[in-house]
Amino acid sequence: MESRSDESTWIERAREGSTDAFRMLVDRHRDRAYGLALRITGSAEEAEEVAQDAFVRVWRALPEFRGEASFGTWLHTIVARLALDRAAIAKTRARRETALEAAGDPPAEATFADEGDPLLEGRLGRMLEDLSPIQRAVVVLYHLEDRPVLEVATVLSLPENTVKTHLSHARSALRAAWEREARSTPEETRR
Amino acid sequence: MTREDERFEQWLDEAARDAARTSPRAPFGFTDRVLAQVALEPRTAAAPSWTRTLPASVGSDPLPWWTRVFAQPACALGFLVVGVAFLWRGTLAQSPEVVTGLVSRAFAALAPFWGPVVEPFARLSAMPGGEVCVLLALLPFAGLLSYGCYAATAALAHHAPARRIGT
């Protein structure tokens with residue numbers, strides 16, 4: 001079983017240019033990095049690009065990595081920033097396409113998971129699709145990854161109070177969706 | 001908290017736990033693709049270990065470490081101490097013969113050890129106005145020295161074993 005001290009060794013060796021050590025770091029962190037990107041962008045293709053880009057940036061910046069935060073938190077900060085940027089670009093693009101197609105064919109729903117990728121299983125996954133990317137990121141980091149608010153704020157490079165506000169809005173939206181579903185299928189909700 | 005609130009919280013906890021269990025996995029060949037990109041990336045040399053304690057907030061990463069180090073509080077404190085010393089002994093800064101005397105004496109004391117290194121400085125300090133140039137040239141070292149002391153102390157404090165209380 002690989003320990004945290006192994007990781008420190010890999011980081012140190014990767015800093016010195018060892019790609020073998022960097023491979024170990026990628027192997028250890030790829031699933032969580034990819035998962036976070038997927039849950040924010042909503043597209044498997046974009047998530048892979050984001051996660052790959054994040055690892056390449058990490059490689060580039062490793063000589064300057066000072067170990068103030070853990071490697072995982074640092075990586076997730078980069079992944080979240082890139083994924084949110086991608087989501088914002090996708091949203092702008094979708095809005096522009098919608099405006100262009102307004103007079104013609106009905107616009108394609110260029111929203112979360114428009115490729116039909118299996119993102120989050122179950123009802124929570126469906127409900128997350130209706131949240132904004134930043135709200136999704138906050139919910140994923142806080143509820144799914146079980147990180148404290150302070151760490152979520154660090155990963156998203158936001159003030160703690162802003163994270164609390166996003167979390168509160170996200171929870172209200174989830175609550176509303178949950179109540180809507182409860183009214184339509186009450187027996188499922190009671191499970 | 002109402003019963004509805006409790007039910008929602010319970011549902012959210014369970015749903016989040018389930019979702020976390022079924023976390024997505026990176027696609028096949030992901031690591032190889034990352035490493036293929038990494039192979040094309042140029043690498044810059046790592047900064048010396050004692051600069052790694054620089055807070056992220058100080059300076060931006062694209063700047064070289066020896067530029068960022070001067071924004072450190074310890075460096076600023078070093079400059080402040082030097083500044084206060086000159087203000088306190090104002091005549092030092094104002095009377096060239098005192099400064100020249102100090103610099104010359106310092107170089108004379110160092111000459112047996114670092115002769116070839118201090119000789120050009122000694123020659124420069126003997127020129128009119130040269131002592132000010134030498135002092136300006138040496139000033140960054142006051143900052144680096146201050147930061148070096150701070151980094152060494154911080155490293156000692158960080159690595160000191162935790163003391164047990166009551167045993």
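Each chain gets a letter, A, B and so on, in the order its sequence line appears, and its residues count up from 1.
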Could you tell me whether the side chains of Thr31(B) and Arg23(A) share a donor-acceptor contact shorter than 3.5 Å?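 No donor-acceptor contact under 3.5 Å links the two side chains.
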Decide yes or no for Val38(B) and Phe55(A): does some side-chain heavy atom of the first lie under 4.5 Å from some side-chain heavy atom of the second? no
Can you find a pair of side-chain heavy atoms, one from Leu12(B) and one from Arg175(A), that are under 4.5 Å apart?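 Counting from C-beta outward, Leu12(B) and Arg175(A) never come under 4.5 Å.
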Where Pro24(B) and Gly35(A) come nearest, the two heavy atoms and their spacing: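 Shortest heavy-atom contact: CG-CA, 3.8 Å.
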Compare every heavy atom of His143(A) with every heavy atom of Ala16(B), then report the nearest pair and how far apart it is. CB-O, 3.6 Å
Solution key, residues 152-164 of chain A side-chain donor-acceptor pairs under 3.5 Å, sequence neighbours excluded:
unit_1, atom_1, unit_2, atom_2, d
Thr154(A), OG1, Leu150(A), O, 2.9
Ser157(A), OG, Arg81(A), NH2, 3.3

Of the backbone (N, CA, C, O) and the side chain (C-beta and beyond), which part of Glu4(B) lies under 4.5 Å from a heavy atom of chain A, both, or neither? both
Measuring from [X]:[atom1] to [Y]:[atom2], what's the distance to the nearest 0.5 Å?
| X | Y | atom1 | atom2 | answer |
| --- | --- | --- | --- | --- |
| Glu179(A) | Phe8(B) | CD | CZ | 8.5 Å |
| Leu174(A) | Trp11(B) | CG | CH2 | 6.0 Å |
| Arg17(B) | Leu124(A) | CZ | CG | 12.5 Å |
| Gln37(B) | Gln52(A) | CD | CD | 5.0 Å |

Among Glu45(A), Glu48(A), Arg30(A), which one satisfies side chain to side chain contact (heavy atoms under 4.5 Å, CB included) with Pro27(B)? Glu48(A)
Considering only heavy atoms, which portion of Arg171(A) lies under 4.5 Å from any heavy atom of chain B: side chain, backbone, both, or neither?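 Both the backbone and the side chain of Arg171(A) come within 4.5 Å of chain B.
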Taking only residues two or more places apart in sequence or in another chain, which ones pass salt bridge (Lys or Arg N to Asp or Glu O under 4.0 Å) with Asp31(A)?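 So Asp31(A) forms a salt bridge (Lys or Arg N to Asp or Glu O under 4.0 Å) with Arg25(B).
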Could you walk me through whether Val34(B) and Phe22(A) pass side chain to side chain contact (heavy atoms under 4.5 Å, CB included), step by step? CA-CA 10 Å; Val34(B) 170; Phe22(A) 190 66; 4.2 Å; yes
